[in-house]
Protein chains: 2
Amino acid sequence: MVAHLSIGELSARSGVAPSALRYYEEVGLISAERTSGNQRRYLRPTLRRVALIRSAQRVGLTLDEIAEALDTLPRDHAPTKADWARLSRSWRPRIDAQIERLERLRDKLDGCIGCGCLSLKTCALNNPHDEVAGRGPGAVFLEPTGRRPR
Amino acid sequence: MVAHLSIGELSARSGVAPSALRYYEEVGLISAERTSGNQRRYLRPTLRRVALIRSAQRVGLTLDEIAEALDTLPRDHAPTKADWARLSRSWRPRIDAQIERLERLRDKLDGCIGCGCLSLKTCALNNPHDEVAGRGPGAVFLEPTGRRPR
DNA sequence: CCTTGACCTCAAGTCAACTTGAACTTGCAC
DNA sequence: GTGCAAGTTCAAGTTGACTTGAGGTCAAGG
């Protein structure tokens, strides 16, 4: 059981390319010690950190946001229960919201199959207020994109 | 109730910037008729099409994939029930998978709070087989990224 | 007629998140 | 001690999804 991981090892275990790991370091998401010969040696907790980063990306967080969240975790010691709880709590609403959006979309698509939505008037995917032009933007049945699909 | 929408109107109703709409046209996602003065005039169903495109992006589909899916819909007439059903069926697993991933992540974070995961050995975010180096990549508790966070 | 705002095209720029390549160095197995 | 896979830096390139800007056109009101 090695205490330090080379970049290749961390890459293999995390499934993240070495170039990406170097990039993560560059933007301050992870850090590494160096051997006398200037090679990176990662501490074991880095593995967990990288896994967390990947997970967070899934939720739709940018690396910047992830960095911000991770900065609330202590750099010097393993995070305490409280540290984790704080982080988890801050991401939780985001995850829930994302799930909800997806469920809504799924239901909408389902509904479309059965609803005879071919008549544009009743389709859930269609804006109910579409004829009421001028009363605010219509057809925006989705929440504002929030810069995600960028 | 107008039969044709100018790009500005479509933009306002769909919440998608004109430049984006032109881009969508460039990559073949939508199309428009032209006035004698060369201005775009969109047919009403385009509104629904654009909404669908945005939804699909949420699920994590690229514009290429969306174009592919939309190509299975008829260009000439409004999609039939069967057309919709086909499209919905093809996206459904994707949506479900995404939801499942998010739920797993949420549960993992929750678990981490209560599980005393500070001992690296038991944390769900940590790879259970991490000590078994060489037996395949460890710590890949997440599904292969599938090129999404790119 | 003239202005004004919405529209047009086309080329170039941007941004995140990496990847690739060149040119060079380390570390370990034989 | 030598070979070579695996590591290093740094600059530049890539991809997706747009946005911005320059330079010009069109349509309606005053």
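The structure displayed is predicted, hence computed values, not measured ones. Residue numbering restarts at 1 for every chain, and letters A, B, ... go by the order of the sequence lines.
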Does the distance from a Lys or Arg side-chain N to an Asp or Glu carboxylate O, for Glu65(B) and Arg94(B), drop under 4.0 Å?
yes
Side-chain N or O of Ser6(A) closer than 4.0 Å to phosphate OP1/OP2 of dG7(D)
yes
Just call it for Arg41(B): base, sugar-phosphate, or nothing, with non-hydrogen atoms closer than 4.0 Å on any strand.
nothing
Measure CD/Glu33(B) against P/dC8(C) and give the value in whole Å, please.
14 Å
Can you find a pair of side-chain heavy atoms, one from Leu102(B) and one from Asp96(A), that are under 4.5 Å apart?
no
Nearest listed nucleotide, side chain of Asn38(A), among dT9(D), dC8(C), dT19(D)
dT9(D)
Any Leu5(A) side-chain heavy atom under 4.5 Å of Thr46(A) side chain:
no
For Gln39(A) and dT9(D), is the shortest distance between a side-chain N/O and OP1 or OP2 below 4.0 Å?
no
From CD1 of Ile7(B) across to P of dC18(D) the rounded distance in Å is 13 Å
Rounded to whole angstrom units, what separation is found between the CZ atom of Arg22(B) and the P atom of dA11(C)?
15 Å
Whole angstroms only, please: what is the CZ-P distance between Arg34(B) and dA27(D)?
14 Å
Do the side chain of Arg41(B) and the main chain of Ile7(B) share a donor and acceptor less than 3.5 angstrom apart?
no
Whole-Å distance between dA17(C) C1' and Glu65(A) CD?
14 Å
Just checking, any donor-acceptor pair under 3.5 angstrom between side chains of Arg86(B) and Thr72(B)?
yes
For Thr35(A) and Ala20(A), take the nucleotide of DNA chain C holding the closest heavy atom to each; which residue's nucleotide lies nearer the 5' end?
Ala20(A)
Using a strict threshold of under 4.0 Å (side-chain N to carboxylate O), is an ion pair present between Glu25(B) and Arg34(B)?
yes
Output yes when at least one side-chain N/O atom of Arg54(A) is less than 4.0 Å from OP1 or OP2 of dA17(C), else no.
no
Pairing of Glu100(A) and Arg104(A) as salt bridge, 4.0 angstrom limit
yes
In whole angstroms, how far is the C1' atom of dG7(D) from the OH atom of Tyr42(A)?
11 Å
Terminal axes of the helix from dC1(C)-dG30(D) to dC30(C)-dG1(D) (five pairs each): angle between them, nearest 10 degrees:
0°
Whole angstrom value for the distance that separates P of dA16(C) from CD of Gln57(A):
13 Å
I need the CD-C1' distance between Glu26(B) and dT20(D), as an integer number of Å.
14 Å
Can a side chain N or O of Arg40(B) be found less than 4.0 Å away from OP1 or OP2 on dC7(C)?
no
Counting only side-chain nitrogens and oxygens, does Tyr24(A) get under 4.0 Å of the OP1 or OP2 atom of dA17(C)?
no
